[in-house]
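What follows is a set of notes on a single structure, which appears directly below.
For ligands, and for the atoms within them, numbers begin at 1 and follow the listed sequence.
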Amino acid sequence: MKRRNFLKIIGSSCIIVAASGGTAGYFLSEPGVSYPDEPWHSAGSPYEEPRMRALSYAILAPNPHNRQPWLIQLDDRMGITLYCQLDRRLPETDLYDRQIMIGLGCFCELLRMAAAEDGFDAQIQWFPEGLPDGNRLSESPVAHIELVKGSSADPLFKQVLNRRSTKEVFDISRQVDDNTLAALKDNDSEIQTSNDAELVAKLRNLTMDAFMVEIETARTYKESVDLMRIGNKEVAAKPDGISMGGAFFSVMKNTGLISRKKIADPSSQAYKQGISPFRDIMHSAMAYSWISTSGNTRLNQVEAGRQYLRLNLKAAELGLSMHPISQALQEYPEMAMLYKELHELTDTQSPGRIQMLTRLGYGPQVGFSPRWSLKTRIKT
Ligand SMILES: Cc1cc2nc3c(=O)[nH]c(=O)nc-3n(C[C@H](O)[C@H](O)[C@H](O)COP(=O)(O)O)c2cc1C
């Protein structure tokens, strides 16, 4: 295998790594280390209690940097209180917890769908103690959810275990046709799509530029580097953040050829060599979809999360690969120009704020992303 074939960048933001996908298939066994995807295999099955069954699916929701910020408290009836674990936020790239809130929106939509599968209606009250003061989330509950008898199954639920974020190069010989985009959109007016060659070319450049801004801004790059889990042991010990598992990383880590410190150094080979493969990823986008909202309130963000979860499931149903790319949507000043440019480029179709932008195409099948077990997400 040529070096460039296994050099690539993964991560929910911008990480330069050499990898083999970081997924279960490549997670070469090491004594005492197993790939932390058990929650995907056991979803639903070990639980009789309806809330636990629904929650065992909800923890599989997409979420920024795979931080899995959800914390759950069960009451002695059929209620669930959802909190955000505040130290799982991304203060540099997600200054106002907007992306974290979208992830919590995804979580609740998946919870709702899973409960409906068992004949329960998940009645969600957002911010039952009121919205937090200021621009950030707080210790107060994000939502209170009550399961009440009576709801019918959602056809998209079948795709829950097929859903992925595909952080790979897509097949550039395969177009995403208009019919597929129309099916993806499914008449939802807040979801926009485009396979227009001129716009796609501009967005490929813009998203790559935004990636460069993020890695060239020391504090935002550091945030990602700090969240890297390098080698199988780290991935198993902390099944969140940016997973760099697999035989290659484990060997590199164990021999001292790779470390967070080396990756963080812009003069290192690891840093420099990672950029061009990421360009291949960005430039293999064959179409885009984006979700915009007319405002940017917490409820707008929750709604964007709900829509994104459904969009991601719909993509799975259509056999389409989807990869969120959020750099140009971020709020820190260095990104302001690209944020504006992105909104100008897409303005004719989507007034308002873009909450999610995804690249679309046909990529390889990837494995499950790591997850903390449900029991670790229950507040004691
Ligand atoms: C609000 C939000 C923003 C995201 N932004 C990015 C991103 O910029 N780059 C990326 O590779 N993935 C991004 N993702 C995808 C997450 O990294 C992914 O959901 C997480 O790693 C778990 O993987 P899974 O979706 O395959 O289960 C984002 C997801 C959400 C919900």
Original post:
Among Asp37, Asn66, Thr376, which one satisfies side-chain hydrogen bond (donor to acceptor under 3.5 Å, both in side chains) with Arg371?
Top reply: Asn66
Original post:
Of the backbone atoms (N, CA, C, O) and the side-chain heavy atoms from C-beta on, which set of Ser369 has a member under 4.0 Å from an atom of ligand 1: side chain, backbone, both, or neither?
Top reply: side chain
Original post:
Is it the side chain (CB and beyond), the backbone, both or neither of Lys167 that lies under 4.0 Å from ligand 1, heavy atoms counted?
Top reply: side chain
Original post:
What do you reckon, does Phe211 put a non-hydrogen atom under 4.0 Å from ligand 1?
Top reply: no
Original post:
Is NZ or CZ of Arg174 both nearer than 6.0 Å to the six-membered ring centre of Tyr362 and within 45° of the ring axis?
Top reply: yes
**OP:** Please confirm whether the backbone N or O of Gly245 pairs with a side-chain atom of Ser243, one donor and one acceptor, at under 3.5 Å?
**Re:** no
Original post:
Is there a heavy atom of Arg98 sitting under 4.0 angstrom from any atom of ligand 1?
Top reply: no
Subject >> Contacting atoms of ligand 1, where contact means under 4.0 angstrom from a heavy atom of Ser326 >> reply: 3 (C), 4 (C), 5 (N), 6 (C), 7 (C), 8 (O)
Original post:
Which ligand 1 atoms, with their elements, are less than 4.0 angstrom from a heavy-atom of Pro62?
Top reply: 19 (O), 25 (O), 31 (C)
Original post:
Polar-atom distance check: Ser165 versus ligand 1, any N or O pair below 3.5 Å?
Top reply: yes
**OP:** Go through ligand 1 atom by atom and flag the ones less than 4.0 Å from a non-hydrogen atom of Gln99.
**Re:** 1 (C), 3 (C)
**OP:** Report the part of Trp40 (side chain from C-beta onward, or backbone N, CA, C, O) that has a heavy atom under 4.0 Å from ligand 1; answer both or neither where that applies.
**Re:** side chain
Original post:
Quick one: is the NZ or CZ of Arg359 closer than 6.0 Å to the six-membered ring centre of Phe170, and within 45° of its axis?
Top reply: yes
Original post:
Is there a donor-acceptor pair closer than 3.5 Å between any side-chain N or O of Ser250 and the backbone N or O of Asn232?
Top reply: yes
Original post:
Using 30° and 60° as the class limits, which term best fits the ring planes of Trp40 and Phe368: parallel, tilted or perpendicular?
Top reply: parallel
**OP:** Using a strict 4.0 Å cut-off to heavy atoms of Arg163, name the atoms of ligand 1 that fall inside it.
**Re:** 24 (P), 25 (O), 27 (O)
Original post:
For ligand 1, is there an atom lying under 4.0 Å from some heavy atom of Gln355?
Top reply: no
**OP:** Would you confirm whether the ring centroid of Tyr221 sits within less than 6.0 angstrom of the ring centroid of Tyr271?
**Re:** yes
Original post:
With distance as the sole criterion, is a donor-acceptor pair present between the side chains of Glu303 and Asn300 under 3.5 Å?
Top reply: no
Original post:
Should one rank Asn63, Leu90, Asn312, Asp94 by closest heavy-atom distance to atom 31 (C) of ligand 1, which comes out on top?
Top reply: Asn63
Subject >> Mode of Met322 contact toward ligand 1 - side chain, backbone, both, neither (heavy atoms, under 4.0 Å) >> reply: neither
